[in-house]
Amino acid sequence: MSSFQEMVTFLQTETNKLFRLTDVWIYIVDAKNPGWINHVAGVGPNADTMSNIVPRIDCNSDPIFKMMMGQRKIFYTEDLMIEPNANHEVTPQINLRSVVNYPLFGDTKALGVMAFGSFGEQIVSLSPLELNYFDIITEQTALTVSRMHFLDKSQQDHLTKLSNRYGLEKKLGNLRRNKGESDSKFCFVYLDLNNFKQINDNHGHLAGDYILAQFSLKLAKEFRSADIISRVGGDEFVLVFSTSNQCNEVERFIERIEQNCCTIEYKGISFQLTFAWGHVFGEGKNHSVSKLFEIADQNMYQLKSDQVKSNQKEKLKLKKASLTQTKLTVA
C-alpha cells in the first residue's frame, strides 16, 4: 500500500465518522503535463467509480479546478448535482453530491487536490467552523506530498495506479528490511502480456490503455494479499508474495489470473488476454531487482521452450496416430 493510500485510509475513517463524508481521494499534478492532475489514491465505497470514471482532470478546462488551482481557494458545495459550474456529464455518472475540494500547495507550487465527498442521497451541510478542520489536515497533506518528492520521482504508474519500477524497488527493499532472517523467503512473479501491440495497432491506444487499466484493477482485486503488484513496462507486470503458503502456490495463482483477469470488454468487443510468465524465489537481501528480472525472464523463456516442445510432441503423436489409422483403413 502506498503512503498516499495509507494517509487517505486514515482520513476517510475520521471524516466519515465526523461529517458523514464517506470517500476521500487525492489528485496529484502530472509532472509532464502541469495543467492536468491524476488520481493517485482513494478510499471509500465509491473509490473504484472515481478512479475509473475520473482518472485525471484538465484543470484548464474545468472551471471549478481552474479557480481552485489559480486562486488557491477551497471549493465546497452541498450538492454538486445543482452546482452551475459542475461537469453535468460526469457528475450524474459518479453520483457525487456533497464535496469539499482543497488545493494542495508547497510554497507557491501547485501539488494537487485533496477531496472529501458523499454520494447518492447523502447531502452534508458544513459550517465555516467545520471547514476549518479541512484547512488543518490538507496543510499537513501538502507537507507530506512535498516531502515525498512525488513530482520528481513518482512510485506509482498513473494509468494503472499500481507501483511502477521505482516503486517496486522501494517496496521490495522495505519488504526485505521488515522480514526477519528466519522468514525471509519471497516469490517474484513476472508477467508479460502476449501480442499487446496488436491491440494498440488495431483498436487504438485508448482501447489499449483501458484494457491495461482494467487488467490491473482485476489483478489488484484478485490478489489483495500480494505484498506488491507493479506495472514495470508497457505490458509487463510483477507480483511479489512473501508468505510460505503463497510461495508454494504460484501455479494456482497463474490459473486464477487466466480465469479471472484476462477477459476485458471494451465497446462491445471482448478481448481475451494471454501472457507468458516466469518466477524466481528470493531469500534475504541477496538479489537486486535487476537480477530478479533476469532470472524470472530466463525461467519464462525456459517455460515457453518446454511448452513448444510439449506441443510438438503432441502433434507428432497425433500424426502417428493418424498414419496408423490410415493404414488400418487401407488394409
Side-chain angles (χ1 to χ4, degrees), residues 2 4-5 7-9 11-12 15-16 21-70 73-104 110-120 122-124 134 138 141 145 150 154 156-162 205-218 220-221 231 264-267:
S2 71
F4 282 112
Q5 197 72 10
M7 178 169 56
V8 169
T9 299
L11 291 174
Q12 187 269 343
T15 54
N16 188 27
L21 293 169
T22 58
D23 289 69
V24 181
W25 56 96
I26 297 179
Y27 285 82
I28 295 297
V29 170
D30 190 317
K32 294 182 179 179
N33 301 289
W36 289 80
I37 53 176
N38 299 308
H39 185 286
V40 297
V43 173
N46 305 279
D48 288 346
T49 301
M50 286 298 301
S51 63
N52 288 334
I53 297 179
V54 196
R56 58 204 308 254
I57 297 169
D58 181 0
C59 294
N60 292 322
S61 64
D62 187 298
I64 292 175
F65 285 86
K66 185 175 183 179
M67 178 276 295
M68 284 195 303
M69 303 306 279
K73 285 187 176 181
I74 176 182
F75 171 80
Y76 161 64
T77 181
E78 287 188 21
D79 192 352
L80 196 64
M81 293 286 190
I82 59 174
E83 167 61 39
N85 290 323
N87 184 328
H88 292 291
E89 290 184 12
V90 174
T91 302
Q93 292 183 54
I94 57 179
N95 206 14
L96 179 58
R97 303 304 295 269
S98 300
V99 63
V100 182
N101 286 339
Y102 264 89
L104 302 175
L111 303 174
V113 173
M114 170 166 261
F116 309 81
S118 65
F119 292 75
Q122 187 72 36
I123 302 291
V124 177
F134 297 95
T138 49
T141 301
V145 172
F150 187 83
S154 170
Q156 187 180 60
D157 176 60
H158 287 316
L159 175 65
T160 64
K161 307 301 183 292
L162 301 178
H205 286 275
L206 285 178
D209 286 352
Y210 178 85
I211 291 167
L212 286 172
Q214 288 300 305
F215 178 72
S216 302
L217 184 63
K218 287 173 180 278
K221 287 184 175 180
R231 181 191 179 207
I264 312 290
E265 301 285 337
Y266 178 74
K267 291 189 174 180

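Nothing here was measured: the structure is a model prediction, and the numbers come from that model. Count residues from 1 along the sequence.
- T15 contributes atom OG1, which lies 5.5 Å from atom CG of L21 (distance to the nearest 0.5 angstrom).
- The closest side-chain heavy-atom distance from T160 to F215 is not below 4.5 Å.
- With values rounded to the nearest 0.5 angstrom, T49 atom OG1 is found 10.5 Å from W25 atom CH2.
- The neighbour count for I123 CD1, taken as heavy atoms of other residues, nucleotides or ligands under 6.0 Å away, is above 12.
- Here the CD1-CE distance, from I28 to M114, works out to 8.5 Å after rounding to the nearest 0.5 Å.
- A 6.0 Å sphere centred on NZ of K66 holds no more than 12 heavy atoms belonging to other residues, nucleotides or ligands.
- Among all heavy-atom pairs drawn from Y76 and V124, the shortest one is OH-O, 3.0 Å.
- Inter-residue side-chain proximity for M7 and V24 is flagged as unmet; no heavy-atom pair is nearer than 4.5 Å.
- Here the OH-OG1 distance, from Y102 to T141, works out to 11.5 Å after rounding to the nearest 0.5 Å.
- The only member of M67, M69, K73 that meets side chain to side chain contact (heavy atoms under 4.5 Å, CB included) when paired with P103 is M69.
- Considering every non-hydrogen atom in both H88 and L80, the closest pair reads CE1-O, 4.1 Å.
- T77 is listed as a side-chain neighbour of V99, based on a closest heavy-atom distance under 4.5 Å.
- Considering only heavy atoms from C-beta on, F119 comes within 4.5 Å of M50 through its side chain.
- Annotation: the span from L111 atom CG to I37 atom CD1 amounts to 11.5 Å, rounded to 0.5 Å.
- Annotation: salt bridge (charged side-chain N to carboxylate O under 4.0 Å, His left out) contacts involving residues 82-95, sequence neighbours excluded, are absent.
- In this structure, N52 contributes its side chain and D48 its backbone to a donor-acceptor pair below 3.5 Å.
- Counting heavy atoms from C-beta outward, R231 and L212 have side chains that approach closer than 4.5 Å.
- Residues N101 and Y27 have side chains not in contact (no heavy-atom distance under 4.5 Å, counting atoms from C-beta outward).
- Counting all heavy atoms, side chain and backbone alike, R97 lies closest to M81 at NE-CG, 3.4 Å.
- Just one residue in the list I94, L96, T22 forms a side chain to side chain contact (heavy atoms under 4.5 Å, CB included) with N46, and that residue is T22.
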Show every donor-acceptor pair shorter than 3.5 Å between a side-chain atom in residues 53-62 and any protein atom, with sequence neighbours excluded, or say none if there are none.
unit_1: R56; atom_1: NE; unit_2: N38; atom_2: OD1; d: 3.1
unit_1: R56; atom_1: NH2; unit_2: D30; atom_2: OD2; d: 3.3
unit_1: D58; atom_1: OD1; unit_2: N60; atom_2: N; d: 3.1
unit_1: D58; atom_1: OD2; unit_2: S61; atom_2: OG; d: 3.3
unit_1: S61; atom_1: OG; unit_2: D58; atom_2: O; d: 3.3
unit_1: D62; atom_1: OD1; unit_2: I64; atom_2: N; d: 3.0
unit_1: D62; atom_1: OD1; unit_2: F65; atom_2: N; d: 3.2

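- To the nearest 0.5 Å, atoms CD1 (I26) and OG1 (T138) are separated by 10.5 Å.
- Heavy-atom minimum distance, D23 versus A47: OD2-N, 3.4 Å.
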